[in-house]
Amino acid sequence: MVPLVAGALIAAGLATPAHAAPSRAEIALRWAPVHYQDVDATGSHALGGKSDYITRYDFDGNLNGRDNWDNTGTNTDAAVYYSVLETSTHYYLTYLFFHPRDWIDHPFFETEHENDGEGVLEIVAKDGSDYGSLKAAVTVAHSDFFSYKPAGSDWANGSETIDGTLQLQSSPHDSFQHPVTAQERGGHGLKAYPQYNINGDGIVYYPSLSVSESPSSTNDRDVRYRLIDVFADGGLWAQRNTTSLFASLGTFAGDNTGGCGTGTYACGTNSANAPWGWDDGNDAVARGEIATDPAKLAASYFSATGTLSRAYTHNPYSAAAAALRAAQDQPPTID
(Lines give C-alpha, C1' and ligand atoms only; values in the text may rest on other atoms or scores of the structure.)
Protein backbone atom coordinates (compact mmCIF):
# COMPACT_ATOMS: atom_id res chain seq x y z
CA MET A 1 0.00 0.00 0.00
CA VAL A 2 2.83 2.46 0.84
CA PRO A 3 4.29 2.51 -2.70
CA LEU A 4 0.80 2.90 -4.11
CA VAL A 5 0.03 5.87 -1.81
CA ALA A 6 3.39 7.51 -2.56
CA GLY A 7 2.79 7.09 -6.26
CA ALA A 8 -0.65 8.62 -5.95
CA LEU A 9 0.72 11.60 -4.01
CA ILE A 10 3.44 12.22 -6.61
CA ALA A 11 0.88 11.98 -9.40
CA ALA A 12 -1.32 14.47 -7.58
CA GLY A 13 1.59 16.85 -7.00
CA LEU A 14 1.33 16.51 -3.22
CA ALA A 15 4.67 14.91 -2.44
CA THR A 16 7.33 16.86 -0.52
CA PRO A 17 8.98 19.23 -3.03
CA ALA A 18 12.64 18.86 -3.86
CA HIS A 19 15.01 21.04 -1.84
CA ALA A 20 15.69 24.24 -3.77
CA ALA A 21 19.34 25.22 -4.17
CA PRO A 22 20.26 28.68 -2.83
CA SER A 23 20.27 31.51 -5.35
CA ARG A 24 23.47 33.40 -6.12
CA ALA A 25 22.20 36.27 -3.97
CA GLU A 26 21.71 33.85 -1.08
CA ILE A 27 25.21 32.46 -1.60
CA ALA A 28 26.54 36.03 -1.51
CA LEU A 29 24.64 36.75 1.71
CA ARG A 30 25.84 33.54 3.35
CA TRP A 31 29.51 34.50 2.93
CA ALA A 32 29.21 38.30 3.03
CA PRO A 33 31.60 39.80 5.57
CA VAL A 34 30.89 41.15 8.98
CA HIS A 35 32.79 44.36 8.46
CA TYR A 36 34.70 46.52 10.98
CA GLN A 37 35.17 50.13 9.85
CA ASP A 38 37.49 52.34 11.85
CA VAL A 39 36.23 55.93 12.06
CA ASP A 40 38.11 59.19 12.62
CA ALA A 41 36.02 62.28 13.30
CA THR A 42 38.93 64.74 13.50
CA GLY A 43 39.86 67.22 10.80
CA SER A 44 37.65 69.03 8.34
CA HIS A 45 37.92 66.33 5.67
CA ALA A 46 36.52 63.72 8.07
CA LEU A 47 33.11 65.44 8.15
CA GLY A 48 32.65 64.34 11.75
CA GLY A 49 33.33 60.72 10.78
CA LYS A 50 31.01 60.47 7.78
CA SER A 51 33.94 60.25 5.36
CA ASP A 52 34.63 56.78 6.77
CA TYR A 53 31.08 55.43 6.32
CA ILE A 54 30.53 52.97 3.45
CA THR A 55 27.77 53.83 1.01
CA ARG A 56 26.64 53.55 -2.63
CA TYR A 57 28.59 54.96 -5.56
CA ASP A 58 25.43 56.90 -6.48
CA PHE A 59 24.63 57.91 -2.89
CA ASP A 60 23.97 61.50 -3.97
CA GLY A 61 21.37 60.54 -6.55
CA ASN A 62 23.47 60.96 -9.67
CA LEU A 63 26.08 59.17 -11.78
CA ASN A 64 28.69 61.91 -11.55
CA GLY A 65 31.84 60.60 -9.88
CA ARG A 66 33.37 64.07 -9.90
CA ASP A 67 31.02 65.53 -7.27
CA ASN A 68 31.19 62.68 -4.74
CA TRP A 69 33.86 64.36 -2.61
CA ASP A 70 31.74 67.50 -2.58
CA ASN A 71 28.57 65.62 -1.57
CA THR A 72 30.07 63.23 1.00
CA GLY A 73 27.84 62.77 4.03
CA THR A 74 24.57 63.74 2.36
CA ASN A 75 23.51 60.07 2.32
CA THR A 76 25.26 57.41 4.42
CA ASP A 77 22.92 54.47 3.82
CA ALA A 78 25.19 51.44 3.83
CA ALA A 79 25.64 49.23 0.77
CA VAL A 80 28.19 46.73 -0.53
CA TYR A 81 28.41 45.53 -4.15
CA TYR A 82 28.84 41.83 -4.87
CA SER A 83 29.35 39.50 -7.78
CA VAL A 84 29.16 35.71 -7.97
CA LEU A 85 31.16 33.84 -10.62
CA GLU A 86 31.03 30.05 -10.89
CA THR A 87 32.95 27.11 -12.22
CA SER A 88 31.89 23.51 -11.79
CA THR A 89 34.04 23.32 -8.66
CA HIS A 90 33.93 26.75 -6.98
CA TYR A 91 32.05 29.96 -6.31
CA TYR A 92 34.05 33.21 -6.54
CA LEU A 93 32.47 35.99 -4.50
CA THR A 94 33.68 39.57 -4.85
CA TYR A 95 32.59 42.35 -2.49
CA LEU A 96 33.24 46.06 -3.17
CA PHE A 97 33.20 48.61 -0.30
CA PHE A 98 32.81 52.16 -1.59
CA HIS A 99 33.65 55.47 0.12
CA PRO A 100 33.20 58.89 -1.53
CA ARG A 101 36.52 60.07 -0.03
CA ASP A 102 40.00 58.69 0.50
CA TRP A 103 41.15 61.38 2.91
CA ILE A 104 43.93 62.53 5.23
CA ASP A 105 44.17 65.27 7.84
CA HIS A 106 47.80 66.34 7.64
CA PRO A 107 49.92 68.08 4.97
CA PHE A 108 52.90 65.74 4.73
CA PHE A 109 53.71 63.40 1.85
CA GLU A 110 50.35 61.67 1.41
CA THR A 111 47.74 62.27 -1.28
CA GLU A 112 43.98 62.07 -0.84
CA HIS A 113 41.46 61.61 -3.63
CA GLU A 114 37.82 61.48 -4.62
CA ASN A 115 36.13 58.04 -4.52
CA ASP A 116 37.60 54.92 -2.95
CA GLY A 117 36.96 51.31 -3.89
CA GLU A 118 38.49 48.48 -1.83
CA GLY A 119 37.23 44.94 -1.38
CA VAL A 120 37.68 41.22 -1.02
CA LEU A 121 37.47 38.06 -3.12
CA GLU A 122 36.27 34.89 -1.36
CA ILE A 123 36.77 31.41 -2.81
CA VAL A 124 34.16 28.82 -1.87
CA ALA A 125 34.40 25.14 -2.84
CA LYS A 126 31.27 23.37 -4.06
CA ASP A 127 31.29 20.40 -1.70
CA GLY A 128 27.70 19.17 -2.05
CA SER A 129 26.34 21.29 0.81
CA ASP A 130 23.96 24.18 0.21
CA TYR A 131 26.55 26.95 0.56
CA GLY A 132 29.85 25.16 0.04
CA SER A 133 32.96 25.57 2.17
CA LEU A 134 35.10 28.70 2.38
CA LYS A 135 38.68 27.96 1.35
CA ALA A 136 40.47 31.29 1.02
CA ALA A 137 40.16 35.04 0.52
CA VAL A 138 42.19 37.87 -1.00
CA THR A 139 41.68 41.46 0.14
CA VAL A 140 42.47 44.74 -1.61
CA ALA A 141 44.36 47.36 0.37
CA HIS A 142 45.16 50.23 -2.01
CA SER A 143 47.49 48.72 -4.62
CA ASP A 144 48.34 45.52 -2.73
CA PHE A 145 46.54 42.21 -2.30
CA PHE A 146 46.64 40.16 0.91
CA SER A 147 45.70 36.49 1.09
CA TYR A 148 44.04 34.56 3.91
CA LYS A 149 42.45 31.25 4.72
CA PRO A 150 40.02 30.29 7.50
CA ALA A 151 40.95 27.78 10.19
CA GLY A 152 40.34 24.29 8.86
CA SER A 153 41.01 25.14 5.21
CA ASP A 154 43.33 22.62 3.57
CA TRP A 155 44.69 25.15 1.05
CA ALA A 156 48.32 26.23 1.29
CA ASN A 157 50.74 28.80 -0.12
CA GLY A 158 51.05 29.06 -3.87
CA SER A 159 53.06 31.77 -5.61
CA GLU A 160 52.06 34.12 -2.78
CA THR A 161 52.51 33.54 0.95
CA ILE A 162 49.27 33.42 2.93
CA ASP A 163 49.18 36.54 5.12
CA GLY A 164 46.98 35.33 7.96
CA THR A 165 43.86 33.62 9.24
CA LEU A 166 40.40 34.68 8.10
CA GLN A 167 38.25 34.75 11.21
CA LEU A 168 34.51 34.03 11.31
CA GLN A 169 31.85 35.74 13.42
CA SER A 170 28.14 35.29 13.94
CA SER A 171 25.63 37.92 12.88
CA PRO A 172 22.66 38.96 15.05
CA HIS A 173 20.59 39.10 11.85
CA ASP A 174 20.97 35.53 10.56
CA SER A 175 22.20 32.10 11.61
CA PHE A 176 25.53 32.08 9.77
CA GLN A 177 29.18 32.45 10.72
CA HIS A 178 30.55 35.16 8.41
CA PRO A 179 34.11 36.07 7.45
CA VAL A 180 35.34 39.19 9.25
CA THR A 181 37.02 42.03 7.35
CA ALA A 182 38.11 45.50 8.43
CA GLN A 183 39.07 48.83 6.93
CA GLU A 184 41.35 51.55 8.21
CA ARG A 185 40.15 55.11 8.64
CA GLY A 186 40.97 57.68 5.96
CA GLY A 187 42.60 55.59 3.25
CA HIS A 188 40.30 52.56 3.79
CA GLY A 189 42.74 49.78 2.99
CA LEU A 190 40.96 46.46 3.60
CA LYS A 191 42.38 43.38 5.33
CA ALA A 192 41.12 40.47 7.37
CA TYR A 193 40.25 41.40 10.96
CA PRO A 194 42.18 42.01 13.19
CA GLN A 195 45.05 43.01 10.89
CA TYR A 196 42.98 46.16 10.67
CA ASN A 197 40.68 46.92 13.59
CA ILE A 198 38.56 49.63 15.16
CA ASN A 199 40.68 52.03 17.22
CA GLY A 200 38.27 54.05 19.32
CA ASP A 201 35.15 54.95 17.36
CA GLY A 202 34.01 52.63 14.61
CA ILE A 203 31.13 50.95 12.84
CA VAL A 204 30.36 47.23 12.70
CA TYR A 205 28.39 46.46 9.54
CA TYR A 206 26.31 43.31 8.99
CA PRO A 207 25.02 42.05 5.62
CA SER A 208 21.43 42.02 4.39
CA LEU A 209 19.73 41.46 1.04
CA SER A 210 17.13 44.14 1.67
CA VAL A 211 18.03 46.51 4.53
CA SER A 212 20.32 49.54 4.18
CA GLU A 213 20.94 51.45 7.40
CA SER A 214 22.83 54.62 8.20
CA PRO A 215 25.04 54.74 11.31
CA SER A 216 23.42 56.53 14.21
CA SER A 217 26.80 57.77 15.42
CA THR A 218 30.52 57.29 14.82
CA ASN A 219 30.43 54.38 17.27
CA ASP A 220 27.46 52.31 16.05
CA ARG A 221 28.22 48.59 16.41
CA ASP A 222 25.17 47.22 14.57
CA VAL A 223 24.49 48.68 11.12
CA ARG A 224 23.15 46.62 8.26
CA TYR A 225 24.45 47.08 4.74
CA ARG A 226 22.46 46.09 1.69
CA LEU A 227 24.07 43.72 -0.80
CA ILE A 228 23.69 44.99 -4.39
CA ASP A 229 24.54 42.86 -7.41
CA VAL A 230 27.28 44.38 -9.58
CA PHE A 231 25.42 42.96 -12.59
CA ALA A 232 21.96 44.28 -11.68
CA ASP A 233 20.08 45.94 -14.54
CA GLY A 234 21.36 49.50 -14.77
CA GLY A 235 23.88 48.78 -12.02
CA LEU A 236 27.60 49.31 -11.59
CA TRP A 237 28.77 47.05 -14.43
CA ALA A 238 26.09 48.41 -16.75
CA GLN A 239 27.47 51.92 -16.07
CA ARG A 240 31.08 50.98 -16.90
CA ASN A 241 31.15 53.21 -20.01
CA THR A 242 29.38 56.17 -18.40
CA THR A 243 32.05 58.85 -18.72
CA SER A 244 30.73 60.97 -15.87
CA LEU A 245 31.23 58.01 -13.51
CA PHE A 246 34.28 56.29 -15.00
CA ALA A 247 37.38 57.96 -16.42
CA SER A 248 38.36 54.68 -18.09
CA LEU A 249 37.37 51.02 -17.86
CA GLY A 250 37.56 50.12 -14.19
CA THR A 251 38.70 53.52 -12.89
CA PHE A 252 36.25 55.91 -11.23
CA ALA A 253 36.25 59.52 -12.41
CA GLY A 254 37.36 61.99 -9.76
CA ASP A 255 38.68 65.55 -9.66
CA ASN A 256 39.97 68.02 -7.07
CA THR A 257 36.86 70.13 -6.49
CA GLY A 258 35.17 70.60 -3.12
CA GLY A 259 38.39 71.15 -1.19
CA CYS A 260 40.10 67.85 -1.94
CA GLY A 261 43.80 68.42 -1.29
CA THR A 262 43.30 71.65 0.64
CA GLY A 263 45.62 71.67 3.66
CA THR A 264 47.16 68.36 2.59
CA TYR A 265 50.01 67.33 0.32
CA ALA A 266 47.87 66.86 -2.81
CA CYS A 267 44.61 65.60 -4.31
CA GLY A 268 44.84 62.87 -6.92
CA THR A 269 42.40 62.58 -9.80
CA ASN A 270 40.85 59.42 -11.27
CA SER A 271 42.44 57.45 -8.44
CA ALA A 272 39.94 54.77 -7.38
CA ASN A 273 39.04 51.44 -8.94
CA ALA A 274 36.04 49.20 -9.42
CA PRO A 275 36.73 45.45 -9.03
CA TRP A 276 37.59 45.01 -12.72
CA GLY A 277 40.32 47.63 -12.18
CA TRP A 278 41.90 46.20 -9.01
CA ASP A 279 45.58 45.42 -9.47
CA ASP A 280 48.33 44.28 -7.13
CA GLY A 281 51.00 45.27 -9.62
CA ASN A 282 53.67 42.73 -8.65
CA ASP A 283 51.95 39.37 -8.93
CA ALA A 284 51.19 37.00 -11.80
CA VAL A 285 47.58 38.17 -12.14
CA ALA A 286 46.72 41.00 -14.54
CA ARG A 287 44.74 44.15 -13.77
CA GLY A 288 41.14 43.32 -12.85
CA GLU A 289 41.50 39.53 -12.99
CA ILE A 290 40.86 39.21 -9.25
CA ALA A 291 37.23 39.92 -10.24
CA THR A 292 37.01 38.91 -13.90
CA ASP A 293 39.11 35.71 -13.82
CA PRO A 294 39.33 34.77 -10.14
CA ALA A 295 40.00 31.09 -10.89
CA LYS A 296 43.31 32.21 -12.40
CA LEU A 297 44.14 34.09 -9.22
CA ALA A 298 43.15 31.13 -7.04
CA ALA A 299 45.39 28.78 -9.01
CA SER A 300 48.26 31.26 -8.74
CA TYR A 301 47.99 32.45 -5.15
CA PHE A 302 47.18 29.11 -3.51
CA SER A 303 48.03 25.44 -3.61
CA ALA A 304 44.51 24.04 -3.76
CA THR A 305 43.42 20.53 -2.85
CA GLY A 306 41.06 18.70 -5.18
CA THR A 307 40.01 19.88 -8.60
CA LEU A 308 40.08 23.61 -9.36
CA SER A 309 38.31 24.11 -12.68
CA ARG A 310 39.30 27.12 -14.79
CA ALA A 311 36.19 26.89 -17.03
CA TYR A 312 33.36 29.19 -15.96
CA THR A 313 29.76 28.10 -15.90
CA HIS A 314 28.70 31.67 -14.99
CA ASN A 315 30.83 34.73 -15.71
CA PRO A 316 29.03 37.88 -16.93
CA TYR A 317 32.38 39.60 -17.49
CA SER A 318 33.17 37.25 -20.39
CA ALA A 319 31.10 39.25 -22.89
CA ALA A 320 33.54 42.16 -22.46
CA ALA A 321 36.70 40.04 -22.49
CA ALA A 322 38.40 41.98 -25.30
CA ALA A 323 37.86 45.37 -23.65
CA LEU A 324 39.02 44.05 -20.30
CA ARG A 325 42.20 42.66 -21.85
CA ALA A 326 42.89 46.00 -23.50
CA ALA A 327 42.38 47.82 -20.18
CA GLN A 328 45.07 45.64 -18.59
CA ASP A 329 47.65 47.76 -20.45
CA GLN A 330 46.47 51.01 -18.84
CA PRO A 331 48.95 52.79 -16.57
CA PRO A 332 48.49 51.62 -12.97
CA THR A 333 46.05 53.56 -10.83
CA ILE A 334 47.46 54.15 -7.35
CA ASP A 335 44.55 54.01 -4.90
Side-chain angles (χ1 to χ4, degrees), residues 29 32-82 95-105 112-120 171-173 178 180-190 193 196-230 232 235-236 239 245 252-254 257-260 271-274 335:
L29 175 63
V34 171
H35 191 65
Y36 284 60
Q37 174 64 66
D38 194 24
V39 172
D40 186 351
T42 61
S44 61
H45 292 189
L47 296 180
K50 291 181 179 179
S51 292
D52 289 322
Y53 296 175
I54 62 171
T55 190
R56 300 169 60 117
Y57 67 88
D58 56 354
F59 70 97
D60 54 359
N62 66 46
L63 295 175
N64 181 8
R66 297 180 179 89
D67 67 3
N68 285 341
W69 178 283
D70 316 52
N71 295 335
T72 301
T74 57
N75 181 348
T76 57
D77 291 345
V80 170
Y81 296 89
Y82 77 90
Y95 301 91
L96 163 67
F97 296 78
F98 180 84
H99 297 80
R101 293 184 177 187
D102 177 307
W103 67 279
I104 55 176
D105 60 0
E112 58 189 4
H113 57 79
E114 188 165 40
N115 301 315
D116 197 11
E118 318 276 349
V120 59
S171 167
H173 305 289
H178 294 264
V180 190
T181 54
Q183 282 184 277
E184 60 183 349
R185 43 74 73 202
H188 307 133
L190 193 152
Y193 169 90
Y196 285 139
N197 201 349
I198 290 173
N199 181 20
D201 282 1
I203 311 299
V204 180
Y205 289 101
Y206 294 96
S208 169
L209 288 177
S210 58
V211 179
S212 177
E213 297 178 327
S214 181
S216 61
S217 72
T218 58
N219 199 32
D220 191 337
R221 300 305 173 97
D222 186 355
V223 179
R224 279 180 286 181
Y225 67 79
R226 182 186 170 199
L227 285 163
I228 301 175
D229 191 344
V230 165
L236 187 61
Q239 300 297 337
L245 183 62
F252 286 105
T257 61
C260 179
S271 299
N273 296 310
D335 193 336

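This chain uses plain numbering: 1 for the first residue, then up along the sequence.
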So, the side chain of [X] versus the backbone of [Y]: is there a donor-acceptor pair under 3.5 Å, distance only?
{"X": "T76", "Y": "G73", "answer": "no"}
{"X": "N115", "Y": "A253", "answer": "yes"}
{"X": "Q183", "Y": "H188", "answer": "yes"}
{"X": "H99", "Y": "D52", "answer": "yes"}
{"X": "T55", "Y": "D77", "answer": "yes"}
{"X": "R101", "Y": "H45", "answer": "yes"}

Once rounded to the nearest 0.5 Å, what's the spacing between atom [atom1] of [X] and atom [atom2] of [Y]?
{"X": "Y196", "Y": "T181", "atom1": "OH", "atom2": "OG1", "result": "12.5 Å"}
{"X": "C260", "Y": "N68", "atom1": "SG", "atom2": "CG", "result": "11.5 Å"}
{"X": "D102", "Y": "D335", "atom1": "CG", "atom2": "CG", "result": "6.0 Å"}
{"X": "T42", "Y": "R185", "atom1": "OG1", "atom2": "CZ", "result": "6.5 Å"}
{"X": "E184", "Y": "E118", "atom1": "CD", "atom2": "CD", "result": "7.5 Å"}
{"X": "Y57", "Y": "N62", "atom1": "OH", "atom2": "CG", "result": "11.0 Å"}

Taking side chain to side chain contact (heavy atoms under 4.5 Å, CB included) as the test, write out the residues that go with [X], two or more places apart.
{"X": "A79", "value": "R56, I228"}
{"X": "A32", "value": "Y95, P207, Y225, L227"}
{"X": "T74", "value": "F59, D60, N71"}
{"X": "D70", "value": "D67, E114, T257"}

**Q.** Which atom of S51 lies closest to which atom of T72, heavy atoms considered
**A.** OG-CG2, 3.9 Å
Q.
For a quick test of reading the model, state the closest non-hydrogen atom pair linking G117 to A272 and the distance between them.
A. N-CB, 4.0 Å
A side-chain contact here means heavy atoms from C-beta on lying under 4.5 Å apart; do [X] and [Y] qualify?
{"X": "Y193", "Y": "V34", "answer": "no"}
{"X": "D38", "Y": "Y36", "answer": "no"}
{"X": "Y53", "Y": "V39", "answer": "yes"}

Q: Assert yes or no for the condition that the ring centre distance of H35 to F97 is strictly below 6.0 Å.
A: yes
Q: If a pair satisfies salt bridge (Lys or Arg N to Asp or Glu O under 4.0 Å) and one of its residues is in residues 202-222, list it, with sequence neighbours excluded.
A: E213-R224
Identify each donor-acceptor pair in which a side-chain atom of residues 198-206 lies under 3.5 Å from a protein atom, sequence neighbours left out, and give them as a table.
| residue | atom | partner | partner atom | Å |
| --- | --- | --- | --- | --- |
| D201 | OD2 | T218 | OG1 | 2.6 |
| Y205 | OH | I54 | N | 3.3 |

Q) Would Y82 and V230 satisfy side chain to side chain contact (heavy atoms under 4.5 Å, CB included), going step by step from the backbone distance to the final call? A) CA-CA 6 Å; Y82 77 90; V230 165; 5.8 Å; no
